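Owing to the predicted nature of the structure, the values given are computational and were not obtained by experimental measurement.
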Amino acid sequence: MLRSPFATFVGVCAIAMIAGCQPEIEGPTLEEAPPASYDGIETRLLDDDLVNFRAQMTGVSTRAILDAYARCAAAQYTLIRGYAFARHVRTSITEEGGVWVADAVYTISPELPRGLQTLEAEVVAADCAEQGIPSV
C-alpha cells in the first residue's frame with residue numbers, strides 16, 4: 001500500500017510532537033552518579049546457627065549490589081565462626097532518602113545444609129575480595 005507524501009509528513013510530525021512531550025529525566029545520569037558507598041554492616045546472632053545481617057549502602061544502582069554486600073558479610077562471618085557453609089533464609093531491601101538497607105538472615109553450618117540457596121563461604125569470600133566488596 002502506498003502512502004501519500006502528506007500522510008507520511010503528518011505521521012512524522014505526530015511522532016515529533018509526542019517525543020517533545022516526554023518528560024526530561026532530572027538528576028545525574030548513571031555515569032554522573034557518585035559511586036556506591038558501603039556504609040557498614042550490623043551483625044546479630046539470633047540463635048547458635050542463625051544470623052541477621054543489616055547491610056547499608058548509598059549510591060546503589062541495583063538491588064543486586066546491596067544483596068551481594070549482605071552475602072559477602074554472611075560468607076566472612078561464617079568463616080570467622082569456623083564454619084564452611086551458609087544458607088540464605090531471606091532478604092528484605094528498603095530504601096529511604098537514597099540510603100538502602102538489606103536485612104538478611106542466613107543459617108551457618110560446618111556441613112553443606114539442605115536447600116537451594118546455599119553458599120560455600122570460602123569461595124564466596126574470595127569472590128567478594130576479588131570484586132572489592134567489603135565484608136565483616
Side-chain angles (χ1 to χ4, degrees):
M1 177 165 119
L2 295 174
R3 291 186 180 223
S4 72
F6 179 73
T8 303
F9 175 73
V10 171
V12 169
C13 287
I15 291 172
M17 287 174 48
I18 291 170
C21 293
Q22 296 299 317
E24 281 190 35
I25 298 173
E26 294 183 22
T29 64
L30 193 55
E31 293 80 25
E32 298 167 341
S37 171
Y38 297 98
D39 300 334
I41 298 172
E42 178 185 324
T43 305
R44 290 184 293 181
L45 187 61
L46 302 174
D47 201 358
D48 289 340
D49 65 346
L50 191 64
V51 188
N52 175 240
F53 301 93
R54 290 183 53 85
Q56 181 174 309
M57 292 183 73
T58 52
V60 175
S61 60
T62 67
R63 296 169 68 98
I65 293 171
L66 185 58
D67 190 48
Y69 187 30
R71 187 174 49 255
C72 290
Q76 187 62 44
Y77 184 83
T78 300
L79 294 173
I80 289 169
R81 291 287 309 270
Y83 295 131
F85 299 95
R87 181 178 57 85
H88 178 253
V89 175
R90 66 136 178 96
T91 299
S92 300
I93 296 179
T94 58
E95 182 271 334
E96 187 174 324
V99 177
W100 291 78
V101 176
D103 182 11
V105 176
Y106 284 82
T107 60
I108 58 175
S109 62
E111 298 174 3
L112 183 63
R114 290 205 240 190
L116 300 175
Q117 296 185 349
T118 60
L119 58 92
E120 187 174 347
E122 192 171 310
V123 172
V124 172
D127 184 53
C128 294
E130 186 176 303
Q131 294 183 45
I133 302 173
S135 57
V136 183

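The distance from the OH atom of Tyr83 to the CG atom of Asp49 is 7.0 Å, given to the nearest 0.5 Å. Between the OG1 atom of Thr43 and the OH atom of Tyr106 there is a distance of 12.0 Å, given to the nearest 0.5 Å. Here the straight-line distance linking atom CZ of Arg87 with atom CD1 of Ile108 works out to 12.5 Å at 0.5 Å rounding. For the atom pair Ser92 OG and Arg54 CZ, the distance stands at 9.5 Å (nearest 0.5 Å). Taking OG1 of Thr58 as the start and CH2 of Trp100 as the end, the distance is 12.0 Å to the nearest 0.5 Å. Taken from CG in Asp48 to OG1 in Thr107, the straight-line distance is 12.5 Å, to the nearest 0.5 Å.
The minimum heavy-atom distance linking Asp103 with Arg90 is given by the pair O-NH1, 2.7 Å. Of all heavy-atom pairs spanning Phe53 and Ala74, the tightest one is CZ-CA, 3.5 Å. Residues Val60 and Thr62 approach most closely at CG1-O, 2.8 Å, considering heavy atoms. Heavy atoms only, all atoms of each residue included: Ala36 and Met57 are closest at CB-CE, 3.7 Å. Across every non-hydrogen atom of Glu111 and Phe85, the tightest pair is C-CD1, 3.3 Å. Between Cys72 and Ser135, the shortest heavy-atom distance links the atoms O-CB, 3.6 Å.
In this structure the side chain of Val99 reaches within 4.5 angstrom of the side chain of Gln56, judged on heavy atoms.
In terms of hydrophobic clustering, with Ile, Leu, Val, Met, Phe, Trp and Tyr side chains grouped at heavy-atom distances under 4.5 Å, Leu112 and Tyr77 are assigned to different clusters. Val123 and Leu79 are assigned to two separate hydrophobic clusters, defined by single-linkage of ILVMFWY side chains at heavy-atom distances under 4.5 Å.
Not counting sequence neighbours, Glu95 has no partner by the salt bridge (charged side-chain N to carboxylate O under 4.0 Å, His left out) test.
The residues Arg71 and Asp67 are annotated as salt-bridged, a charged nitrogen and a carboxylate oxygen being separated by less than 4.0 angstrom.
The main-chain N or O of Gly40 is found under 3.5 Å from a side-chain atom of Tyr69 such that the two form a donor-acceptor pair.
Through chains of ILVMFWY side-chain contacts below 4.5 Å, Leu50 is grouped with Leu46, Val89, Val105.
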